[in-house]
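For clarity, every value in this text was computed on a predicted model and none was experimentally measured. Chain letters run A, B, ... following the sequence lines, proteins first and then strands; every chain starts at 1. Worth knowing before you read on, the calculation uses all heavy atoms, side chains too, and leaves out hydrogens, waters and symmetry mates.
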Number of protein chains: 2
Amino acid sequence: MTDDDDLVFKALADPTRRHLLDRLFERDGLTLTELESDLAMTRFGVMKHLRVLEDAGLVATRRQGREKLHFLSPVPIRLIHDRWISKYAEHRVAALADLKHELEETA
Amino acid sequence: MTDDDDLVFKALADPTRRHLLDRLFERDGLTLTELESDLAMTRFGVMKHLRVLEDAGLVATRRQGREKLHFLSPVPIRLIHDRWISKYAEHRVAALADLKHELEETA
DNA sequence: TTGACATGTGACTGAATAGTCACCTATTCT
DNA sequence: AGAATAGGTGACTATTCAGTCACATGTCAA
């Protein structure tokens, strides 16, 4: 009972990994050390998490000298969306989500 | 290090639960027994999974006599999408995802 | 009301996962 | 060259979670 995008969902299941994606969403091309600075965890923990994200295709990397730059790769996220939201329903669901965003901002 | 939609991501992390969402995406309003028929697992296991999905807001339910009907609730999925795909990038990413869908169909 | 059906609860067990550590390699700067 | 910096590996432990079971409640139909 394992499907193909298991890695993606497992990767997203951890709050630390979601936080890493948030940081990359805000600003792309961060290094391991930059990403680590933010977290109450050893470098090794962060490295492990980044590895999981990379294996899932949620993060792409590029080596530059002794540094490794990390980039958010959003396509797998969109594929999750498309799995349970039909093109037909998309408009309505997006409107509801927008409403929810607005309500949270005013709160 | 726990954020607010932890329940949603944890819920999606399990392949059995994703399969249940797939079934409800295909046809809404199924009962526990109907959902169970499909799975190599006891009724209790399926019930636990449905409970997790319901707590996460991914599945809504309605009692009807002695049956409990289950409905897919797609808004949390859209919120995941919006978290890492900006309105600005959405078009481009959606196009890439569509391309990927087509490639998989021809394969 | 009796029996069958549909769903529900709390406790238990085996497997998977997060985080750490000791130790290692490659690159840059002086 | 030597020291500092950035990243990497494999093994270990504590916690978490999936699945099961004995038992229980509510509903329908004859």
Side-chain angles (χ1 to χ4, degrees), chain A residues 1-24 27-72, chain B residues 1-24 27-72:
Chain A
M1 179 58 51
T2 299
D3 57 68
D4 15 341
D5 357 63
D6 201 50
L7 290 177
V8 177
F9 290 102
K10 285 269 165 52
L12 291 174
D14 184 278
T16 301
R17 289 194 285 265
R18 292 196 295 275
H19 178 78
L20 289 169
L21 293 180
D22 288 338
R23 299 248 352 243
L24 293 176
R27 187 156 78 84
D28 244 357
L30 298 177
T31 66
L32 167 60
T33 313
E34 285 170 326
L35 288 167
E36 178 207 345
S37 66
D38 199 33
L39 294 167
M41 188 187 302
T42 64
R43 206 185 77 242
F44 308 97
V46 178
M47 218 164 60
K48 243 175 140 176
H49 285 303
L50 285 171
R51 170 69 182 269
V52 173
L53 289 168
E54 197 176 347
D55 286 347
L58 285 162
V59 162
T61 61
R62 200 176 68 225
R63 295 222 53 143
Q64 191 167 80
R66 63 179 161 181
E67 294 181 333
K68 188 174 182 181
L69 309 181
H70 297 78
F71 301 87
L72 177 58
Chain B
M1 179 60 49
T2 301
D3 58 66
D4 13 341
D5 359 60
D6 201 51
L7 291 177
V8 176
F9 290 103
K10 286 267 165 53
L12 291 174
D14 185 278
T16 302
R17 288 195 285 265
R18 292 195 295 276
H19 177 78
L20 290 169
L21 293 180
D22 287 339
R23 300 248 352 243
L24 293 176
R27 188 155 79 86
D28 244 357
L30 299 177
T31 66
L32 167 61
T33 314
E34 285 169 326
L35 288 167
E36 179 206 344
S37 67
D38 198 34
L39 294 166
M41 186 185 307
T42 63
R43 207 184 76 242
F44 308 98
V46 179
M47 218 164 58
K48 241 176 142 177
H49 285 304
L50 285 170
R51 170 69 183 268
V52 173
L53 290 168
E54 197 176 348
D55 287 347
L58 285 162
V59 162
T61 62
R62 198 176 70 225
R63 297 223 50 144
Q64 190 168 81
R66 63 180 162 182
E67 295 182 331
K68 187 174 182 182
L69 309 181
H70 298 79
F71 301 87
L72 177 58

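- Residues meeting the side-chain contact (heavy atoms from CB on, under 4.5 Å) test with B/Arg63, sequence neighbours left out: none.
- Evaluation of the side-chain contact (heavy atoms from CB on, under 4.5 Å) rule for B/Thr42 yields B/Phe44 as partners, not counting sequence neighbours.
- Atom NE2 of B/His19 and atom P of D/dG19 are 13 Å apart (whole Å).
- Looking at residues two or more places apart in sequence or on another chain, you find no salt bridge (Lys or Arg N to Asp or Glu O under 4.0 Å) involving B/Arg17.
- Taking atom CG on A/Leu53 and atom P on C/dT17, their separation rounds to 15 Å, with Å as the unit.
- Distance from the side chain of B/Thr33 is smallest for C/dT7 among the nucleotides C/dT7, C/dA18, D/dA6.
- Non-hydrogen atoms lying under 4.0 Å from DNA chain C are contributed by A/Thr42, A/Phe44, A/Gly45, A/Lys48, A/His49, all within residues 42-50 of chain A.
- An angle of 40°, rounded to 10°, separates the two end axes of the helix from C/dT1-D/dA30 to C/dT30-D/dA1, each defined over five pairs.
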Output a table of donor-acceptor pairs, distance under 3.5 Å, between side-chain atoms of residues 51-59 of chain A and any protein atom two or more places apart or on a different chain; print 'none' if there are none.
unit_1  : atom_1 : unit_2  : atom_2 : d
A/Arg51 : NE     : A/Asp55 : OD1    : 3.4
A/Arg51 : NE     : A/Asp55 : OD2    : 3.3
A/Glu54 : OE1    : A/Lys68 : NZ     : 3.4
A/Glu54 : OE2    : A/Thr61 : OG1    : 2.9

Q) Could you run down nucleotides 25-30 of chain D 5' to 3' and tag each one B, S or - for protein heavy-atom contact under 4.0 Å? A) --BS--
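- For B/Ser37, the side-chain contact (heavy atoms from CB on, under 4.5 Å) test picks out B/Arg23, with sequence neighbours left out.
- Listed by chain and residue number, nothing satisfies the side chain to side chain donor-acceptor pair (under 3.5 Å) test with A/Glu67 (two or more places apart in sequence, or in another chain).
- Listed nucleotides D/dG19, C/dT7, C/dG19 differ in distance to B/Lys68; the shortest reach to its side chain belongs to C/dT7.
- With salt bridges taken as basic N to acidic carboxylate O contacts below 4.0 Å, none links A/Arg18 and B/Asp5.
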